[in-house]
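A note on names: the letters A, B, ... follow the listed sequences, proteins ahead of strands, and every chain is numbered from 1. What you see below is based on every heavy atom in this structure, not just the backbone, and it leaves out hydrogens, waters and symmetry mates.
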Amino acid sequence: MKPEAQLAELKRGVVDLHVEADLLERLNEGRPLKIKAGFDPTRPDLHLGHTVLLNKMRQFQDLGHDVVFIVGDFTAQIGDPSGRSSTRQVPTREEIEEGARTYAEQAFKILDKERTQIVYNGEWLGKLAFDDVIRLAGKYTLARMMERDDFKRRWAEHVSISLHELLYPLAQAYDSVVLECDVELGGTDQLFNLLVGREIMREMGQRPQIVITTPILEGINARVENGKIVGAKMSKSLDNYVAIDEAPKEQLGKLMSLSDDLMWRYYELLSTEPEAEVQRRKRACAAGDLNPRDVKMMLAKEIVARYHGAREADGAEASWLAQFSQRQVPDDMPEREVVLENEEVWIPKLLSDLGLVKSSSEGRRRIQQGGVEIDGNRISDPQAKLPKGGPYIIKAGKRAWAAVTLK
RNA sequence: GGAGGGUUGCCCGAGCGGUCAAAGGGAGCAGACUGUAAAUCUGCCGGCUUAUGCCUACGGUGGUUCGAACCCACCACCCUCCA
């Protein structure tokens, strides 16, 4: 593909591109560019938020360029301060290794293995001596470091900043120097770190890398207020994520729980549908010609199909429609057997033992709120008991089901 | 080295001797409604089988008091200002 055409393709969906002319110049050199992206291996589960960046990496690969996938085993010990309001906990060596392994495994659902090189930055960062670090630190100033948004904010809000956190951007920049990469990719929250890489490379007498950032996807519980998206970014620790190796039905269900407004953000960042088609759907929804639920289903199925295949996506849709639209009994409910000490069991206790609720108090509440059904009959008495027998089809809320035999 | 401020439930945050299982918001959950696990509305939201009851909880340990998240002492951690 011609450099100009590549550039147009690569610019799609990115937030920052420093510097465009420089990128075009390198594309004109006609060689495969070296694309760098680093991952902090402390969170093994890749989710849709990560895929925004991975998709961009894949795009480079499809255009004939090479990706260097850096596992930040060394930098993970520092903990990237990006977007953090406080200092990170340092993960153990085992956590890092386990994380790195599962990370790479999942990343190859998106990346082209043939064009990906995996490296660990501990290989070179671990060998630096203290005087090397001092020399590196000498190439940047505190004032410039404090320009960084999250440092500035934490400083202003009197939240502690440990000195080692200041070294993080330098360590990441040093990775670029060692690899002599052409382009570094990251989320918008990485912009500062990436730009430090440019500076340090220049200081070290190299051509500064081109910096590209991709948007950060908000979590599934984000809301839209006055046209603005309100809510934290997708993350495992906030439990507002859709993991790429999650079961098809879970993925579909989570995506169907997006608010109608937020759905368009997901379309923008995750769908591969042509822009014109997305706009058509948006207009049709606004005009009332299309039901937003159906448009959301198209998106959900597109994503499920990407990781599990079209057949799984169809299956997930069918059981979702049955369970939530038609309120039927789910087809894959867990079958359980419980051995009783007596002839009957207090229902809240049973729900708790089955793990359908957290405690029997919670079970009692859920009965009082009318959320518990056994064999299709709503239980209203929180004192109710259930005799031996079954299997009973127990429903304890929208998504908590079990087929239980009492012995 | 000195002076001062802070540490509250999943998160943020109010409370500053009894009426505190602790305001308010967020997240979460249930029901109604629906087009869905959207939106909206209502309710719930530490635990204990039945409770104007008990237990656990407001950084930790002791203490004062009939009674402490609230007062005192010490300890730990965080922040600010001065040097």
Parallel, tilted or perpendicular for A:W320 and A:F324, by the 30°/60° rule? tilted

Taking pairing as Watson-Crick or G-U wobble with both contacts under 3.5 Å, can you name the mate of B:U49, or confirm there isn't one? none

Regarding B:G31, can its base be found pairing with the side chain of A:Q369 as donor and acceptor, where the two atoms are less than 3.5 Å apart? no

Atom CZ of A:F324 and atom P of B:A38 are separated, to the nearest Å, by 10 Å

For a quick check under 3.5 Å, do A:H47 and A:E246 share a side-chain donor-acceptor pair by atom type? no

According to a strict under-4.0 Å criterion, is A:R223 in side-chain N/O contact with OP1 or OP2 of B:A27? yes

Calculate the interatomic distance between A:I367 atom CD1 and B:C29 atom P; express it in whole Å. 19 Å

Does B:C48 have OP1 or OP2 under 4.0 Å away from a side-chain N or O of A:S361? yes

Quick one: is B:G47 close enough that its OP1 or OP2 comes under 4.0 Å of any side-chain N or O from A:S359? yes

Can you say whether a donor on the side chain of A:D294 sits under 3.5 Å from an acceptor on the base of B:G35, or the other way round? no

With nearest nucleotide decided by heavy atoms, which residue, A:V372 or A:L258, maps closer to the 5′ end of RNA chain B? A:V372

Counting just side-chain N and O atoms, does A:R365 come under 4.0 Å of either OP1 or OP2 of B:G31? no

In the structure shown, which nucleotide is the Watson-Crick or G-U wobble counterpart of B:C29, with both distances under 3.5 Å? B:G43

A:E218 pairs by salt bridge (charged side-chain N to carboxylate O under 4.0 Å, His left out) with which of A:R265, A:K233, A:K228, A:R223? A:R265

Between B:U49, B:C29, B:U36, which nucleotide gets closest to the side-chain atoms of A:K296? B:U36

Taking the P atom of each, how far is B:G4 from B:G9, in whole Å? 27 Å

Between B:G67 and B:C20 - C1' atom distance, rounded Å: 13 Å

Mate of B:C20 where both pairing distances stay under 3.5 Å, Watson-Crick or G-U: none

Integer angstrom distance from the P of B:C54 to that of B:A3: 45 Å

Between B:U52 and B:A57, how far apart are the P atoms? Round to whole Å, please. 23 Å

A:Q383 vs A:A396, nearer the 5' end of RNA chain B by closest nucleotide: A:A396

Taking atom P of B:A37 as reference, at what distance in whole Å does atom OH of A:Y241 sit? 22 Å

With respect to the phosphate group of B:A37, does any side-chain polar atom (N or O) of A:R293 fall under 4.0 Å of OP1 or OP2? no

Inter-nucleotide P distance (B:C70, B:G60), Å rounded: 10 Å

Rounded off to whole Å, could you give me the CD-to-P distance for the A:E317 and B:A37 pair? 15 Å

Which part of the nucleic acid does A:N291 contact within heavy-atom distance under 4.0 Å: base, sugar-phosphate only, or nothing? base

Quick one: A:K358 NZ to B:C29 C1', roughly how many Å, whole number? 8 Å

For A:K34, is there an ion pair with A:D182 - N to carboxylate O distance below 4.0 angstrom? no

Under a 3.5 Å limit for both distances, which nucleotide forms a Watson-Crick or G-U wobble pair with B:C77, could you say? B:G6

Does B:A39 have OP1 or OP2 under 4.0 Å away from a side-chain N or O of A:S259? no

Result of checking A:E341, A:E337, A:E343 against A:K407 for salt bridge (charged side-chain N to carboxylate O under 4.0 Å, His left out): A:E337

Spacing between A:I220 atom CD1 and B:G28 atom P, to the nearest angstrom: 8 Å

Considering only the C1' atoms, how many Å lie between B:C33 and B:U42, rounded to the nearest integer? 11 Å

Any strand is fair game: report the nucleotide pairing with B:A14 by Watson-Crick or G-U wobble, both distances under 3.5 Å, or none. none

Given that both distances must come in under 3.5 Å, which nucleotide forms a Watson-Crick or G-U wobble pair with B:C71? B:G63

Just checking A:G253: base, sugar-phosphate only, or nothing, at a heavy-atom cut-off of under 4.0 Å? base

Distance-only polar pair, side chains of A:Q190 and A:N193, donor-acceptor under 3.5 Å: yes

Using the P atom in both, what is the distance from B:G62 to B:G28, to the nearest Å? 39 Å

Could you tell me how far B:C12 sits from B:U7 if I compare only their P atoms? Round to whole Å. 12 Å

hbond_proxy A:K349 side chain to B:U49 base (donor-acceptor, 3.5 Å cutoff): no

Would you kindly check if the NZ (Lys) or CZ (Arg) of A:K36 is within the cone defined by 45 degrees around the ring axis of A:F69 and under 6.0 Å from the six-membered ring centre? no

Partners meeting side-chain contact (heavy atoms from CB on, under 4.5 Å) with A:E105 (sequence neighbours left out): none

Write down the distance between CH2 (A:W320) and P (B:A37), rounded to a whole number of angstrom. 6 Å

For atom CG of A:D381 and atom C1' of B:U49, their distance in whole Å: 11 Å

